[in-house]
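The structure appears right after this line, and notes come after that.
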Amino acid sequence: MGFFDAYPVFEAEGTVAATLTRLNFRHDLFIAPARDMLAGKRVLDIASHDGRFALAALESGGAAHVTGIEARGEAIARARTVFDRCGIAPERHDFVQGDVFDALAGMTPGAFDTAMVLGFLYHTPRQYEIFAQLDRLGVRDVIVDSMVLRTKKPRRALVEMRWEPTGREGQIFDPRGRARALSAVPSRAALAMWLEEFGWQVSWPSLPPVPEDAKVYDRGGRVAVFGRR
């Protein structure tokens with residue numbers, strides 16, 4: 001059994017990429033091999049959505065506490081409901097509703113040990129700012145999962161700007177309420193450079209067996225990466 005087989009609520013009620021096969025694969029890719037970055041740690045989950053990986057950090061990774069930042073109130077409401085159903089003690093988690101950058105700017109240095117940036121980097125053009133804020137907060141370790149550009153030359157550090165619609169979950173959130181907003185997709189090399197800029201040592205976890213609904217990882221269009229200090 002995979003980790004999320006014990007939590008079918010995420011597939012039954014999830015709205016974005018919520019099949020159990022895909023959730024279990026992603027757990028095995030960047031939660032299971034990152035237990036040293038999670039166990040006993042205070043974890044910040046950026047764009048925490050319905051709390052699926054916040055819960056995995058707590059129950060599989062052994063985190064002491066998780067704080068999620070999420071712009072959409074309905075996603076936070078689902079997360080809190082699921083956590084309550086699963087018997088997760090309220091003192092072990094918190095969810096902050098608001099724009100990621102506003103929330104990060106208001107947080108206190110030293111409050112977190114580890115940050116998870118999962119499925120968010122390609123929904124903003126402000127990636128450098130995210131890592132700068134995590135550095136300001138004194139975050140020791142970073143777990144990232146992101147769509148990336150596939151380049152013919154793997155060492156090319158590129159970022160492609162895109163217009164992205166804003167109407168649905170799983171799309172960019174625009175605090176100004178526009179129908180589209182600017183986002184950017186980095187190459188794998190660019191992602192590594194952002195981490196290295198702030199002193200994180202980069203490592204790339206090995207791919208576990210890839211199910212059909214996660215073949216984008218096999219094709220190199222999506223990656224997980226760890227930054228450790």
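For the pair Phe4/Arg52, a side-chain contact is recorded, criterion being any heavy-atom separation below 4.5 Å from C-beta on. Residues Phe198 and Val142 have side chains not in contact (no heavy-atom distance under 4.5 Å, counting atoms from C-beta outward). A 4.5 Å side-chain heavy-atom check between Pro125 and Met161 finds at least one atom pair inside the cut-off. The side-chain heavy atoms of Arg178 and Ile172, taken from C-beta on, include no pair separated by under 4.5 Å. Between Ile88 and Glu59, the closest side-chain pair of non-hydrogen atoms falls below 4.5 Å. Residues Asp36 and Asp141 form no side-chain contact, since every pair of their non-hydrogen atoms from C-beta on lies 4.5 Å or further apart. The shortest distance between side-chain heavy atoms of Phe131 and Leu195 falls below 4.5 Å.
The closest side-chain donor-acceptor pair between Arg228 and Ser203 falls under 3.5 angstrom. Side chains of Asp213 and Thr19: a donor-acceptor N/O pair is present below 3.5 angstrom, by distance only.
Side chain of Trp200 to main chain of Arg140: a donor-acceptor pair is present (N/O by atom type, distance under 3.5 Å, no hydrogens or angles). With hydrogens and angles disregarded, no donor-acceptor distance shorter than 3.5 Å links the side chain of Lys41 to the backbone of Val66. Looking only at distances, no side-chain donor or acceptor of Glu70 sits under 3.5 Å from a matching main-chain atom of Ile76. Side chain of Arg229 to backbone of Val139: a donor-acceptor contact under 3.5 angstrom is found. With hydrogens and angles disregarded, no donor-acceptor distance shorter than 3.5 Å links the side chain of Ser146 to the backbone of Gly119. Under a 3.5 Å cut-off, the side chain of Arg26 and the backbone N or O of Ile31 do not form any donor-acceptor pair. A donor-acceptor contact shorter than 3.5 Å links the side chain of Thr124 to the backbone of Arg126.
Rounding to the nearest 0.5 Å places CG of Asp50 at 11.0 Å from CD of Glu74. Considering CD of Glu212 and OG1 of Thr21, their distance stands at 9.5 Å, rounded to 0.5 Å. Atom CZ of Phe101 and atom CD1 of Ile46 lie 8.5 Å apart (nearest 0.5 Å). Interatomic distance, CD of Glu11 versus CG of Asn24, reported as 9.5 Å (0.5 Å rounding). Note that CD of Glu129 is 12.5 Å distant from CH2 of Trp194, once rounded to the nearest 0.5 Å. Separating the CE atom in Met116 from the OG1 atom in Thr67 is a distance of 10.5 Å, to the nearest 0.5 Å.
If you run side-chain contact (heavy atoms from CB on, under 4.5 Å) between Pro205 and each of Asp28, Leu29, Asp145, only Leu29 comes through. Under the ring-ring contact (aromatic ring centres under 6.0 Å, His included) rule, Phe30 has a single partner from Phe3, Phe53, Tyr217, Phe25, which is Phe53.
Not counting sequence neighbours, Asp94 has no partner by the salt bridge (Lys or Arg N to Asp or Glu O under 4.0 Å) test.
The two residues Val202 and Val225 make their nearest non-hydrogen contact at CG1-CG2, 3.5 Å. Summarising the geometry of Val43 relative to Ala63, their closest heavy-atom pair is CG2-CB, 3.8 Å, with the distance given to 0.1 Å. Residue Glu164 comes nearest to Ser183 through the heavy atom pair OE1-OG, 3.2 Å, listed as atom of the first residue, atom of the second, then distance. In plain terms, the two heavy atoms of Arg92 and Ala64 that are nearest each other are NE-O, 3.9 Å. Taking every heavy atom of both residues into account, Ile143 and Met37 meet most closely at CG1-CE, 3.8 Å. The heavy-atom pair separating Phe120 from Ala47 by the smallest distance is CD1-CB, 3.6 Å.
Residues Leu104 and Val96 do not share a hydrophobic cluster, defined by chaining ILVMFWY side chains whose heavy atoms lie under 4.5 Å apart. In the hydrophobic clustering of ILVMFWY residues, with side-chain heavy atoms under 4.5 Å counting as a link, Leu191 and Tyr128 come out together. Tracing side-chain contacts under 4.5 Å through hydrophobic residues (I, L, V, M, F, W, Y), one never reaches Leu44 starting from Leu118; they form parts of separate clusters. Both Ile69 and Leu137 belong to a common hydrophobic cluster when Ile, Leu, Val, Met, Phe, Trp and Tyr are linked at side-chain heavy-atom distances under 4.5 angstrom. Cluster membership for Phe95 and Val117, using ILVMFWY side-chain heavy atoms within less than 4.5 angstrom, is not shared.
With side-chain heavy atoms closer than 4.5 Å counting as contact, directly or through intermediates, the hydrophobic cluster containing Tyr122 also holds Met147, Leu149, Leu158, Val185.
With a 6.0 Å radius and a threshold of 12 heavy atoms from other residues, nucleotides or ligands, Met193 has its CE atom at or below the threshold.
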Requested in this report: Walk me through it: do Ser60 and Arg35 pass the test side-chain contact (heavy atoms from CB on, under 4.5 Å)?
Outcome: CA-CA 8 Å; Ser60 176; Arg35 287 195 176 99; 3.1 Å; yes
Report task. Evaluate the criterion salt bridge (charged side-chain N to carboxylate O under 4.0 Å, His left out) for residue pair Asp113 and Arg42; output intermediate values, then yes/no. Result -> CA-CA 5 Å; Asp113 306 301; Arg42 301 161 300 166; 2.9 Å; yes
Requested in this report: Tell me, with the steps shown, if Glu13 and Arg85 meet salt bridge (charged side-chain N to carboxylate O under 4.0 Å, His left out).
Outcome: CA-CA 13 Å; Glu13 300 179 11; Arg85 286 186 204 168; 3.0 Å; yes
